[in-house]
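Take a look at the structure set out below.
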Amino acid sequence: MPELPEVETIKESLKAKILFKKVKEADILCEKLIKYPEKPDFIKNIKDKKIKNLQRKGKFLILKLSHNYNLVVHLGMTGQLLYFNSHQSFDKHTHVLFNFEDSSQLQYNDVRKFGALWLVSDGWLRFVPGLSELGPEPLKKEFSLEYFQKALNKKSIIKYLLLNQKNLAGLGNIYVDEILFRAEIHPRRPSSELSDLEREKLYYTILEVLGEAIKARGTSVVNYMDGNSQKGEFQRHLKVYKRLGNPCYNCETPVERIVLAGRGTYFCPKCQH
DNA sequence: AGCTGTACCTGCAGGC
DNA sequence: TGCCTGCAGGTACAGC
């Protein structure tokens, strides 16, 4: 489900609800999702911890807890973090419960169970797979046009490069397709062959699409919702994603689908070169 | 080094 | 209704 705009929206929606709350107890219904530590230690260590801040790094959500602990959450494809004012009924897809002192509750739901949770102290954050290898945040200064132009010099198919979290953090399948459409670049182009103009256009398109998607509170295609169970709006603005066979909004040519990097890839064969 | 295929899971839509 | 196939926002890993 969740790419940068979705995780950002979840983070902000939860911040308003759970900041400074104290975890009374956690309940783990599916151990598979807890990557570290083992269930008994996870439950023991999160008890009585206070949520001091919420951060997003790429597609990771990090809850900063008291005593220098961190609850790191990756939502995989279908993970949800849902907040409720009181203990709520749940179903077979609810795998972890966080109960707060004031009897409000945070539920981790995940149909496909590709998500992951870690509870680690500050010094151990770097052992969370993928977290310390993340490239720059696209909406921060660290993601400069200069940096991006250099990154594109790698000999790599452009879609593959944009999906790789080591190059920049937070893009996923939907936004990469949408960005490449708007930048009029074919997803199979070798990145090193992009002209200076194309590189610049791509750079600003990344900022533009992510900005718009955050403003729209994310994209709800299947089951994405924020911490308050609210859907996003950006699905209304998608130009190519999941539009196989439908006419391109620019030129009416039917949108095509190929498989790249193992992912369904949608593009306009006429507009994107 | 980069890329493909596969694995991990479950549900849903579409074809017959 | 049921069965089958393909597809789905993620990442990791073996192997070419």
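Just so we're clear, the structure is a prediction, and the values are computed from it rather than from any experiment. Side chains are part of it too, since the values below use all heavy atoms of this structure and drop only hydrogens, waters and symmetry mates. Here is the naming used below: chain letters follow the sequence lines, and residue numbers restart at 1 for every chain.
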| query | Considering Watson-Crick and G-U wobble pairs with both distances under 3.5 Å, what does dG6(C) pair with? | reply |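 dG6(C) is paired with dC12(B).
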What is the separation between atom [atom1] on [X] and atom [atom2] on [N], rounded to the nearest whole Å?
{"X": "Leu117(A)", "N": "dG10(C)", "atom1": "CG", "atom2": "P", "value": "18 Å"}
{"X": "Ile174(A)", "N": "dG10(C)", "atom1": "CD1", "atom2": "P", "value": "7 Å"}
{"X": "Asn164(A)", "N": "dT11(C)", "atom1": "CG", "atom2": "C1'", "value": "11 Å"}
{"X": "Arg188(A)", "N": "dT4(B)", "atom1": "CZ", "atom2": "C1'", "value": "13 Å"}
{"X": "Phe60(A)", "N": "dG10(C)", "atom1": "CZ", "atom2": "P", "value": "13 Å"}

Query raised in the report: With a 3.5 Å cut-off and no angle check, do the side chains of Asn153(A) and Ser192(A) form a donor-acceptor pair?
Result: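 No - no donor-acceptor pair under 3.5 Å links their side chains.
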Should [X] be listed as having a side-chain N or O under 4.0 Å from OP1 or OP2 of [N]?
{"X": "Lys159(A)", "N": "dC3(B)", "answer": "no"}
{"X": "Tyr241(A)", "N": "dC7(C)", "answer": "no"}
{"X": "Lys154(A)", "N": "dA1(B)", "answer": "no"}
{"X": "His74(A)", "N": "dT11(C)", "answer": "yes"}

- request: In whole angstrom, give me the gap between the P atoms of dG6(C) and dG5(B).
  value: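 My reading of the P atoms in dG6(C) and dG5(B) gives 14 Å.
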Legend entry - Distance between P atoms of dT6(B) and dT5(C) (Å, rounded):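 Pairwise P distance, dT6(B) against dT5(C), rounds to 15 Å.
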Candidates [options] - which lies nearest the side chain of [X]:
{"X": "Pro129(A)", "options": "dC3(B), dT11(C), dA12(C)", "answer": "dA12(C)"}
{"X": "Ser156(A)", "options": "dC3(B), dG10(C), dC7(C)", "answer": "dC3(B)"}
{"X": "Tyr160(A)", "options": "dA8(C), dT11(C), dG2(B)", "answer": "dG2(B)"}
{"X": "Ile157(A)", "options": "dT11(C), dC3(B), dG2(B)", "answer": "dC3(B)"}

Q. Do the side chains of Lys59(A) and Gln165(A) get nearer than 4.5 Å, heavy atoms only?
A.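 Gln165(A) reaches Lys59(A) side chain to side chain.
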Flag side-chain contact, heavy atom, 4.5 Å: Leu163(A) against Tyr160(A):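 Not in contact.
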Answer with base, sugar-phosphate or nothing: what part of the nucleic acid does [X] contact at a heavy-atom distance below 4.0 Å?
{"X": "Ala116(A)", "value": "nothing"}
{"X": "Arg257(A)", "value": "sugar-phosphate"}
{"X": "Ser220(A)", "value": "base"}
{"X": "Gly172(A)", "value": "sugar-phosphate"}

Problem set entry | Sole residue of Tyr175(A), Phe181(A), Tyr266(A) in ring pair (Phe, Tyr, Trp, His ring centres under 6.0 Å) with Tyr241(A) |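 Running ring pair (Phe, Tyr, Trp, His ring centres under 6.0 Å) over Tyr175(A), Phe181(A), Tyr266(A) with Tyr241(A) returns exactly one hit, Tyr266(A).
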For the residue pair His93(A) and His95(A), does the interplanar ring angle fall in the parallel (under 30°), tilted (30 to 60°) or perpendicular (over 60°) class?
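The rings of His93(A) and His95(A) stand perpendicular, inter-plane angle above 60°.
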*Under 30°, 30 to 60°, or over 60°: which ring-plane class applies to Phe60(A) and His74(A), parallel, tilted or perpendicular?*
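Correct class here is perpendicular.
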Atom pairs, protein N/O to nucleotides 9-11 of chain B N/O, distance under 3.5 Å:
from    : atom 1 : to        : atom 2 : distance (Å)
dC9(B)  : O2     : Arg112(A) : NE     : 2.9
dC9(B)  : N3     : Arg112(A) : NH2    : 3.3
dT10(B) : OP1    : Lys113(A) : NZ     : 3.3
dG11(B) : OP1    : Lys92(A)  : NZ     : 2.9
dG11(B) : OP1    : His93(A)  : NE2    : 3.2

What do you reckon, is NZ of Lys155(A) surrounded by more than 12 foreign heavy atoms closer than 6.0 Å?
->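 Atom NZ in Lys155(A) is not packed in, count stays at 12 or less.
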For this session: Evaluate the criterion side-chain hydrogen bond (donor to acceptor under 3.5 Å, both in side chains) for residue pair Glu3(A) and Tyr224(A); output intermediate values, then yes/no.
Result: CA-CA 10 Å; Glu3(A) 305 179 34; Tyr224(A) 161 70; over 6 Å; no
